[in-house]
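Start at 1 and go down the list; that is how both ligands and their atoms are numbered. The analysis underlying the following values was restricted to heavy atoms, covering all of them including side chains, and did not include hydrogens, waters or symmetry mates.
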Amino acid sequence: MPSPLQLKFVESATDHNELPEAGAEIAVVGRSNVGKSSLINALANHKHLAKVSKTPGRTQLINLFVLPKGAGVVDLPGYGYAAVPGKIRAGWGKMIESYLLERETLVEVLVLVDGEVGPTKLDVQMLDYLRANDVPFAVVATKHDKVKSSKRDTRKRDLAIGCGVAQKDVMWVSADSGVGIDALRSHIRGVLAE
Ligand code: GDP
């Protein structure tokens, strides 16, 4: 069974150029409230790891974690916060974009989509952006436990269609029940060669 990812918080930055170059790097994105912090904590089996990126002032930063052999996991700011004023929001988009397009060590972006809600307009925009710029990505649906078992097949199919990917390529996880967490750990280790 895959053991928890031994993630260690390194630092937060507004500009990826300020961050040390880790080895290969995987980034995690999603709209706020999608379950990103809960998922990072579940992957590491560490209740408060991603709390650091939730503290006020850090939610809009690029947060870098490293694994024991030096590969990186990057927690990108959640998109779609209604409370963010226009100016900050624009700067924040630029920050994410320059990270996604310029970070040389980035090997894959995990796009988190709420499994209970399905893909939102912003999720689809993010996926289109990654496709248009040839940035490799994988779709991870969250909150598996929140959907009735009788509805899961249909939900997964609809979510895959909405995201424009094959059903078999959607990893559906739950930070609460633990479903899919081991599989996602293996996926991340494989992509990062850790
Ligand atoms: P973030 O804003 O993307 O970092 O989202 P959080 O990790 O803070 O989660 C947002 C809300 O969804 C919180 O109330 C979590 O408890 C809840 N949540 C996150 N993951 C799960 C899950 O797998 N199952 C259930 N039932 N709730 C979840």
Side-chain angles (χ1 to χ4, degrees), residues 2 4-5 7-14 25-65 72-85 88-89 92-93 95-96 99-100 108-127 129-130 137-156 158-160 162-163 170-188:
L5 299 181
L7 292 170
K8 224 179 87 193
F9 175 69
V10 181
E11 64 178 274
S12 306
T14 50
E25 207 163 277
I26 204 161
V28 190
V29 294
R31 65 161 179 82
S32 42
N33 230 34
V34 70
K36 188 157 55 69
S37 310
S38 306
L39 180 59
I40 291 172
N41 290 341
L43 290 169
N45 194 23
H46 187 315
K47 272 203 166 83
H48 304 296
L49 187 69
K51 201 173 153 193
V52 67
S53 49
K54 285 237 128 182
T55 47
R58 284 212 162 145
T59 51
Q60 289 164 37
L61 297 175
I62 299 171
N63 298 295
L64 173 67
F65 296 86
V73 174
V74 166
D75 180 11
L76 291 173
Y79 37 82
Y81 243 134
V84 177
I88 299 174
R89 190 188 273 166
W92 166 38
M95 171 176 89
I96 300 184
Y99 169 84
L100 293 172
E108 187 176 86
V109 180
L110 297 179
V111 180
L112 269 45
V113 175
D114 195 316
E116 192 188 15
V117 177
T120 64
K121 217 186 237 177
L122 287 170
D123 296 328
V124 173
Q125 273 174 24
M126 174 56 83
L127 291 164
Y129 181 81
L130 296 174
F137 67 87
V139 172
V140 177
T142 59
K143 307 184 188 177
H144 178 273
D145 63 288
K146 282 200 153 187
V147 178
K148 273 197 205 155
S149 54
S150 59
K151 301 230 157 118
R152 282 185 191 136
D153 284 352
T154 322
R155 175 57 51 82
K156 191 173 185 186
D158 292 348
L159 190 143
C163 292
V170 173
M171 293 176 271
W172 200 354
V173 302
S174 166
D176 275 27
S177 73
V179 162
I181 297 296
D182 277 340
L184 184 55
R185 284 173 180 154
S186 298
H187 173 86
I188 292 172

Query raised in the report: Measuring from Leu39:CG to Asp176:CG, what's the distance to the nearest 0.5 Å?
Result: 11.0 Å
Query raised in the report: Is any N or O atom of Leu39, backbone or side chain, closer than 3.5 Å to an N or O atom of ligand 1?
Result: no
Report task. Ignoring angles and geometry beyond distance, decide whether Ser32 reaches within less than 3.5 Å of ligand 1 through its nitrogen or oxygen atoms. Result -> no
Query raised in the report: Do the side chain of Lys143 and the main chain of Val113 share a donor and acceptor less than 3.5 angstrom apart?
Result: no
Requested in this report: With heavy atoms of Lys36 as the reference, note each atom of ligand 1 found under 4.0 Å away.
Outcome: 1 (P), 3 (O), 4 (O), 5 (O), 7 (O)
Query raised in the report: With a cut-off of 4.0 Å, which atoms of ligand 1 are near a heavy atom of Ser174?
Result: 23 (O)
Report summary line: Residues pairing under salt bridge (charged side-chain N to carboxylate O under 4.0 Å, His left out) where one sits in residues 115-126, two or more places apart or in two chains, turn out to be Glu116-Lys146
Requested in this report: Consider every N or O of Lys146 and every N or O of ligand 1, then say whether any pair is closer than 3.5 Å.
Outcome: no
Report task. Answer yes or no: does an N/O atom from Val173 fall short of 3.5 Å to an N/O atom of ligand 1? Result -> no
Query raised in the report: What residues form a salt bridge (Lys or Arg N to Asp or Glu O under 4.0 Å) with Arg31, not counting sequence neighbours?
Result: Asp114
Query raised in the report: Run the side-chain hydrogen bond (donor to acceptor under 3.5 Å, both in side chains) check on Asp145 and Ser174 step by step: do they pass?
Result: CA-CA 6 Å; Asp145 63 288; Ser174 166; 2.7 Å; yes
Query raised in the report: Heavy atoms, side chains only, cut-off 4.5 Å: are Val73 and Glu25 in contact?
Result: no
Query raised in the report: Can you list the atoms of ligand 1 that are under 4.0 Å from a heavy atom of Ser37?
Result: 1 (P), 4 (O), 7 (O)
Query raised in the report: Taking only heavy atoms of Asp176, which atoms of ligand 1 are found under 4.0 Å from at least one of them?
Result: 21 (C), 22 (C), 23 (O), 24 (N), 25 (C), 26 (N), 27 (N)
Query raised in the report: When only distance counts, is Ser38 in polar contact with ligand 1, meaning an N/O pair under 3.5 Å?
Result: yes
Query raised in the report: Between Asp182 and Arg185, does a salt bridge (Lys or Arg N to Asp or Glu O under 4.0 Å) hold up when you go through it step by step?
Result: CA-CA 5 Å; Asp182 277 340; Arg185 284 173 180 154; 2.9 Å; yes
Query raised in the report: Is the closest heavy atom of Asp145 to ligand 1 under 4.0 Å?
Result: yes
